[in-house]
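To start, the structure under review is shown below, and the notes come after it.
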Amino acid sequence: NAGVMQNPRHLVRRRGQEARLRCSPMKGHSHVYWYRQLPEEGLKFMVYLQKENIIDESGMPKERFSAEFPKEGPSILRIQQVVRGDSAAYFCASSPQGPEETQYFGPGTRLLVL
Amino acid sequence: SQQGEEDPQALSIQEGENATMNCSYKTSINNLQWYRQNSGRGLVHLILIRSNEREKHSGRLRVTLDTSKKSSSLLITASRAADTASYFCGKIQGAQKLVFGQGTRLTINP
């Protein structure tokens, strides 16, 4: 049973470009979460999705950021018109049930905005 | 403010010694989760302790929970170099999201 997969592992973008981060949850998991981590800091919750629905997006900036978890395929975190401040590690996690149960994390995508 | 604040922020001990990390939180919880993060990697789940549990063990790990003090501790016994990592406690906020503190950076010196 493969773990949570994220790709790409590293992504370099210039200011103004778009970044697309993908997350394939563990098999059988219908709950997906995205977190952002700056160096030397903890993970900050961004968004919680459950198959085709956004359950909680309170941690996601209102502009330029969007997330989806379609019926088929991976979850996508999309950042439009990236700025240097978007440089961070973005982690995805999944769980078979809701957020109160164990979440399984992917290896992360490290985004660098030049 | 963040739930699940870890203390100390950094801890350096000799291999073989025990390491204790603490986590405090502000509002009531259903459970509290401890995770480990090795440098440059994702989080690995260690232990989930529910509000009606006081202590839980997993190998060399021992987690306690004191709901009256709104605190939890993670004890690693007989530490090894491979235990060097950051340790985070996570607590559910608003029933929808797992909130982490800044973590404790543990260094085990050979």
Side-chain angles (χ1 to χ4, degrees), chain A residues 2-10 21-26 29 31-50 53-60 67 88-112, chain B residues 1-10 21 23-25 27-53 56 58 61 63 65 74 85-107:
Chain A
V4 177
M5 312 277 282
Q6 287 188 250
N7 68 80
R9 294 291 305 276
H10 299 273
L21 288 62
R22 294 177 199 79
C23 168
S24 296
M26 287 180 70
H29 289 195
H31 301 257
V32 165
Y33 318 85
W34 286 93
Y35 297 85
R36 177 164 67 178
Q37 185 178 36
L38 296 172
E40 306 301 321
E41 293 191 8
L43 275 69
K44 299 289 194 292
F45 169 85
M46 297 182 73
V47 62
Y48 162 32
L49 308 104
Q50 184 186 2
N53 295 307
I54 295 175
I55 308 300
D56 184 340
E57 57 182 348
S58 59
M60 199 159 65
Y90 292 83
F91 291 94
C92 166
S94 73
S95 66
Q97 296 173 12
E100 293 218 23
E101 298 306 313
T102 299
Q103 295 184 20
Y104 297 85
F105 282 78
T109 293
R110 278 142 191 86
L111 172 66
L112 176 62
Chain B
S1 61
Q2 290 285 357
Q3 291 276 18
E5 299 295 336
E6 294 88 350
D7 169 65
Q9 289 189 16
M21 289 156 271
C23 169
S24 60
Y25 55 93
T27 58
S28 62
I29 57 169
N30 290 330
N31 68 50
L32 188 142
Q33 305 178 34
W34 283 92
Y35 289 82
R36 182 187 75 226
Q37 184 180 33
N38 290 88
S39 181
R41 303 285 186 91
L43 270 66
V44 173
H45 180 260
L46 297 176
I47 292 181
L48 183 155
I49 187 164
R50 301 189 187 279
S51 59
N52 60 353
E53 297 175 312
K56 212 161 180 181
S58 176
L61 306 181
V63 167
L65 179 64
L74 169 65
S86 291
Y87 292 81
F88 297 91
C89 70
K91 181 268 179 196
I92 292 294
Q93 187 172 54
Q96 302 282 37
K97 55 189 181 185
L98 193 58
V99 177
F100 296 96
Q102 299 273 66
T104 293
R105 287 183 296 284
L106 175 65
T107 302

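Here is the naming used below: chain letters follow the sequence lines, and residue numbers restart at 1 for every chain. Remember, predicted model here, so these are calculated numbers, not experimental data.
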**Prompt:** Under the ring pair (Phe, Tyr, Trp, His ring centres under 6.0 Å) test, which residues partner B:Tyr35, sequence neighbours left out?
**Reply:** A:Phe105, B:His45, B:Phe100

**Complete:** Between B:Asn31 and A:Glu100 the two heavy atoms that sit nearest each other are ND2-O, 2.6 Å

**CD on A:Glu101 to CD1 on B:Ile92, rounded to 0.5 Å** = 9.0 Å

**Item:** Test side chain to side chain contact (heavy atoms under 4.5 Å, CB included) applied to B:Asn38 - qualifying residues, sequence neighbours left out
**Value:** B:Arg36, B:Arg41, B:Ala85

**Prompt:** Can you name the residues that form a salt bridge (charged side-chain N to carboxylate O under 4.0 Å, His left out) with B:Arg105, not counting sequence neighbours?
**Reply:** A:Glu40

**Complete:** dist B:Leu43:CG -> A:Phe91:CZ (nearest 0.5 Å) comes out at 7.0 Å

**Request:** Please flag which part of B:Gln9 lies under 4.5 Å from any non-hydrogen atom of chain A: side chain, backbone, both or neither.
**Result:** neither

**Asked** In terms of heavy-atom proximity below 4.5 Å to chain B, should A:Tyr35 be classed as side chain, backbone, both, or neither?
**Response** side chain

**Item:** Nearest atoms (heavy-atom pairs only) where A:Ser58 meets B:Lys97
**Value:** OG-NZ, 3.0 Å

**Asked** B:Phe88 and A:Gln37: which non-hydrogen atoms are nearest, and at how many Å?
**Response** CZ-NE2, 4.0 Å

**Prompt:** Which members of residues 46-53 of chain B, sorted by number, sit under 4.5 angstrom from chain A on a heavy-atom basis?
**Reply:** B:Leu48, B:Arg50

